[in-house]
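So the structure is just underneath, and the comments pick up after that.
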There are 2 protein chains.
Amino acid sequence: MTLTAERKRQEAQADFNNDLGQCPARQLLEAISSKWVTLVMLALADGQLRHSELRRVIPGASQKMLTSTLRSLERDGLVSRLVTASVPVRTDYELTPLGHSLLGVVYRMKDWAEANMDDVSHARMEHDRRHLASTR
Amino acid sequence: MTLTAERKRQEAQADFNNDLGQCPARQLLEAISSKWVTLVMLALADGQLRHSELRRVIPGASQKMLTSTLRSLERDGLVSRLVTASVPVRTDYELTPLGHSLLGVVYRMKDWAEANMDDVSHARMEHDRRHLASTR
DNA sequence: CTGTATCCTCTAAGATACTG
DNA sequence: CAGTATCTTAGAGGATACAG
């Protein structure tokens with residue numbers, strides 16, 4: 001029966017997916033591709049900000065997403081959290097050196113995007129135009 | 001009533017999310033953060049490959065995901081598709097010049113990741129250890 | 001061989017409400 | 001002010017079957 005081959009294939013896929021998770025580049029990609037991480041990092045590029053200031057600077061972020069984004073950045077050692085035990089509590093966030101170095105990579109992506117997204121947009125329009133024409 | 005303020009806030013969020021979609025850097029991030037795009041681009045770095053060859057080189061990809069990834073890359077002008085009308089059909093994929101230039105950016109991310117993911121992993125372990133300790 | 005169509009699952013992200 | 005807890009939803013990704 002073909003079950004054996006099928007089984008092998010599925011195991012190979014599982015292994016591969018596992019390897020993928022180990023790949024440093026993929027881990028990085030997953031870390032920064034979350035919708036808000038780059039925005040938070042950019043916001044913190046010039047210095048530390050409070051939780052409420054971040055919300056003001058990034059109007060689109062719900063406080064839930066902001067918090068969870070900050071937590072994951074903190075966990076990865078990219079952002080540090082400074083709590084001042086007063087009433088009311090004050091917490092500031094700032095980029096760590098590691099965070100700043102990642103910021104460099106983010107800027108490079110930004111540069112490529114700004115230099116080339118016109119070409120991409122154009123390609124998309126061309127592609128969509130052709131696809132639309134074929135269905136007419 | 002507070003509805004007016006609430007309404008304004010929600011509109012602000014909608015506008016912001018809209019702006020986000022316009023941002024070139026974010027478009028790029030969304031384009032390459034899909035699970036398979038970088039793998040496909042890396043696979044095509046050395047030259048053109050057939051659909052079936054790509055499946056072999058990237059064992060984890062279902063043919064559905066491979067096809068849809070290739071379609072989106074093609075739409076963005078990063079990959080070109082060469083169909084040879086024979087029996088059976090033969091189709092090859094290769095990176096466009098634009099695709100190659102993006103590959104450069106991907107390599108930079110890869111370099112950062114390989115240089116710094118140890119620090120990130122370490123930060124994660126430290127963070128998790130502390131968090132675990134607090135729940136004990 | 002190369003692809004399309006369908007169905008299904010799982011999770012990221014958002015809305016809302018509540019606590020120290 | 002800062003943060004947590006719960007519910008809901010939209011979409012990405014996967015399994016499978018079929019078609020040119």
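Each chain gets a letter, A, B and so on, in the order its sequence line appears, and its residues count up from 1.
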From the set D/dG13, C/dG3, C/dA13, return the single nucleotide nearest to any side-chain atom of B/Arg81.
C/dG3

Does B/Ser52 have a side-chain nitrogen or oxygen under 4.0 Å from the phosphate oxygens OP1 or OP2 of C/dT2?
yes

Can you confirm whether B/His122 is buried at NE2, in the sense that more than 12 heavy atoms of other residues, nucleotides or ligands lie under 6.0 Å from that atom?
no

For the helix from C/dC1-D/dG20 to C/dG20-D/dC1, figure out the bend between the end axes, five pairs an end, and round to 10 degrees.
40°

Residue B/Arg124 excluded, over 12 heavy atoms near CZ under 6.0 Å
yes

Would you say B/Arg81's side chain and B/Arg71's backbone share a donor-acceptor pair under 3.5 angstrom?
no

Main chain of A/Pro24, side chain of A/Gln27: is a donor-acceptor contact present, judged purely on distance under 3.5 Å?
no

Taking all non-hydrogen atoms of both residues, which atom of A/Leu49 and which atom of A/Leu54 are closest, and how far apart?
CD1-CD2, 3.8 Å

Would you say the side-chain atoms of B/Ser86 pair up with the backbone N or O of B/Pro88, donor to acceptor, closer than 3.5 Å?
yes

C/dT2, OP1 or OP2 - any side-chain N/O from B/Tyr93 closer than 4.0 Å?
no

Nearest whole angstrom, please: distance from the P of C/dG3 to the CG of B/Leu70.
8 Å

Please list, by residue number, the residues of residues 72-80 of chain A whose heavy atoms come closer than 4.0 Å to an atom of DNA chain D; answer none if no residue qualifies.
none

Quick check on DNA chain C: between A/Pro88 and B/Arg90, whose nearest nucleotide comes earlier from the 5' end?
B/Arg90

In whole angstroms, the gap separating C1' of D/dC1 from CZ of A/Arg55 amounts to 11 Å

When you measure from the side chain of B/Trp36, which nucleotide among C/dG14, D/dG14, C/dT2 comes out closest?
D/dG14

Does OP1 or OP2 of D/dC1 have a side-chain N or O of A/Arg56 closer than 4.0 Å?
no

Phosphate OP1/OP2 of C/dT2: any B/Arg50 side-chain N/O under 4.0 Å
yes

So, does A/Arg75 use its side chain to make a donor-acceptor pair with the main chain of B/Met125 at under 3.5 Å?
no

To check you understand the geometry: which heavy-atom pair defines the closest contact between B/Thr96 and B/Ser80, and what is its length?
CG2-N, 3.8 Å

Hey, is the main chain of A/Met65 close enough, under 3.5 Å, to the side chain of A/Ser62 for a donor-acceptor pair?
yes

Would A/Glu94 and A/Val79 count as a side-chain contact (heavy atoms from CB on, under 4.5 Å) if you check the C-alpha gap in whole Å, the side-chain angles of each, and the deciding distance to 0.1 Å?
CA-CA 6 Å; A/Glu94 69 178 350; A/Val79 159; over 6 Å; no

To the nearest angstrom, the CE-P distance between B/Met65 and D/dA12 comes to 9 Å

N-O pairing of B/Arg130 and B/Asp128 below 4.0 Å:
no

Could you write out each protein N or O paired with an N or O of nucleotides 4-10 of chain D at a distance under 3.5 Å?
residue: D/dT4; atom: O4; partner: A/Gln63; partner atom: NE2; Å: 3.2

In whole Å, what is the span from the CD atom of B/Glu53 to the P atom of C/dC1?
11 Å

Is it true that a side-chain atom of A/Ser34 and a backbone atom of A/Ala31 form a donor plus acceptor pair closer than 3.5 Å?
no

Among C/dG3, D/dG14, C/dG14, the one nearest any side-chain atom of B/His51 is C/dG3

Output yes when at least one side-chain N/O atom of B/Ser62 is less than 4.0 Å from OP1 or OP2 of D/dG13, else no.
no

